[in-house]
Novice: 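Here it is, the structure, as structure tokens.
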Amino acid sequence: MSAAQIIAQLTAATRKLDEAQAKLLAARQDAAEARQLVAGALQGSSGQLTGQIDQLVEAVGQIAGRAPAAKQQVQTTISKVQALGN
């Protein structure tokens with residue numbers, strides 16, 4: 001595989017990481033909205049259920065927060081491949 005092909009695939013990977021992060025942030029928002037609906041429907045007696053949803057919101061947020069670091073690693077690899085290709 002040529003350096004240009006590797007760079008093209010890694011560039012595509014960075015786009016996919018951006019898409020994944022956006023989807024995770026949207027899922028986090030959806031879960032937060034679901035929590036509000038549950039809390040409203042059960043009028044305060046939903047402690048355990050809303051707690052579980054809160055944990056989900058937090059976990060998804062943490063995963064989404066890891067996307068920039070992964071993207072940076074891919075970009076660093078692209079730079080290394082570019083340096084080797086020159």
Side-chain angles (χ1 to χ4, degrees):
M1 184 176 288
S2 72
Q5 291 170 318
I6 293 169
I7 291 168
Q9 286 190 350
L10 291 174
T11 300
T14 62
R15 286 191 300 274
K16 288 296 185 181
L17 288 170
D18 285 338
E19 291 173 16
Q21 184 181 27
K23 289 175 184 177
L24 285 164
L25 292 172
R28 183 177 184 232
Q29 181 61 37
D30 288 345
E33 291 172 12
R35 185 212 184 276
Q36 293 301 323
L37 292 168
V38 167
L42 300 179
Q43 299 177 348
S45 64
S46 60
Q48 184 177 6
L49 180 53
T50 56
Q52 288 179 341
I53 297 172
D54 287 339
Q55 289 175 359
L56 173 63
V57 169
E58 183 178 334
V60 172
Q62 288 175 356
I63 293 167
R66 294 180 188 151
K71 183 178 174 183
Q72 181 58 47
Q73 285 290 97
V74 174
Q75 290 172 332
T76 298
T77 303
I78 289 171
S79 296
K80 289 178 181 178
V81 171
Q82 287 171 331
L84 291 173
N86 291 334

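Note that the numbering runs from 1 along the sequence shown for the chain.
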Novice: Cluster question for you: counting only ILVMFWY and a side-chain heavy-atom cut-off of under 4.5 Å, with indirect links fine, are Leu49 and Leu37 together?
Specialist: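 Different clusters.
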
Novice: Indicate whether any N or O donor in one side chain lies under 3.5 Å from an N or O acceptor in the other, for Gln72 and Thr76.
Specialist: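 On atom types as modelled, these side chains qualify, holding a pair under 3.5 Å.
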
Novice: Please round to the nearest 0.5 Å and tell me the distance separating atom CD of Gln75 and atom CD of Gln73.
Specialist: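 Going from CD on Gln75 over to CD on Gln73, the span is 10.5 Å.
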
Novice: Closest approach of Ala31 and Ile53, non-hydrogen atoms and distance?
Specialist: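 For Ala31 versus Ile53, the nearest heavy atoms are O-CG2, 3.3 Å.
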
Novice: How long is the gap from CG on Leu24 to CD on Gln29, to the nearest 0.5 Å?
Specialist: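 Interatomic distance, Leu24 CG to Gln29 CD, rounded to 0.5 Å: 13.5 Å.
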
Novice: Answer with yes or no whether the hydrophobic clustering places Ile6 together with Ile78; edges join I, L, V, M, F, W, Y residues whose side-chain heavy atoms lie under 4.5 Å apart.
Specialist: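 Yes.
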
Novice: Give the minimum heavy-atom separation between Pro68 and Gly65, together with the two atoms involved.
Specialist: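 Minimum heavy-atom separation between Pro68 and Gly65: CD-O, 3.3 Å.
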
Novice: Taking the side chain as C-beta and beyond, is there a heavy-atom pair between Gln5 and Gln9 under 4.5 Å?
Specialist: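 No, their side chains stay 4.5 Å or more apart.
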
Novice: For residues Glu58 and Gln62, is any side-chain donor paired with an opposing acceptor at under 3.5 Å?
Specialist: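 Side-chain D/A pair, Glu58 to Gln62: present.
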
Novice: How long is the straight-line distance from CG of Leu10 back to OG1 of Thr14, given to the nearest 0.5 Å?
Specialist: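 Reported to 0.5 Å precision, the distance equals 8.5 Å.
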
Novice: Starting at OG1 of Thr50, measure out to CG of Leu42 and round the result to the nearest 0.5 Å.
Specialist: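 Interatomic distance, Thr50 OG1 to Leu42 CG, rounded to 0.5 Å: 8.5 Å.
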
Novice: Under a 4.5 Å side-chain heavy-atom rule over Ile, Leu, Val, Met, Phe, Trp and Tyr, are Leu56 and Ile63 clustered together?
Specialist: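 Same hydrophobic cluster.
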
Novice: For residues Leu17 and Ala67, report the shortest heavy-atom separation together with the two atoms involved.
Specialist: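 Smallest interatomic distance, heavy atoms only, reads O-CB, 4.4 Å.
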
Novice: What closest approach, in Å, do Leu25 and Ala64 show between heavy atoms, and which atom pair accounts for it?
Specialist: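 Closest heavy-atom pair between Leu25 and Ala64: CD2-CB, 3.8 Å.
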
Novice: To the nearest 0.5 Å, what is the distance between CG (Asp18) and NZ (Lys23)?
Specialist: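 The distance works out to 12.0 Å.
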
Novice: Kindly compute the distance separating CG (Asp30) from CZ (Arg28), expressed to the nearest 0.5 Å.
Specialist: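 Asp30 atom CG to Arg28 atom CZ measures 12.0 Å (nearest 0.5 Å).
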
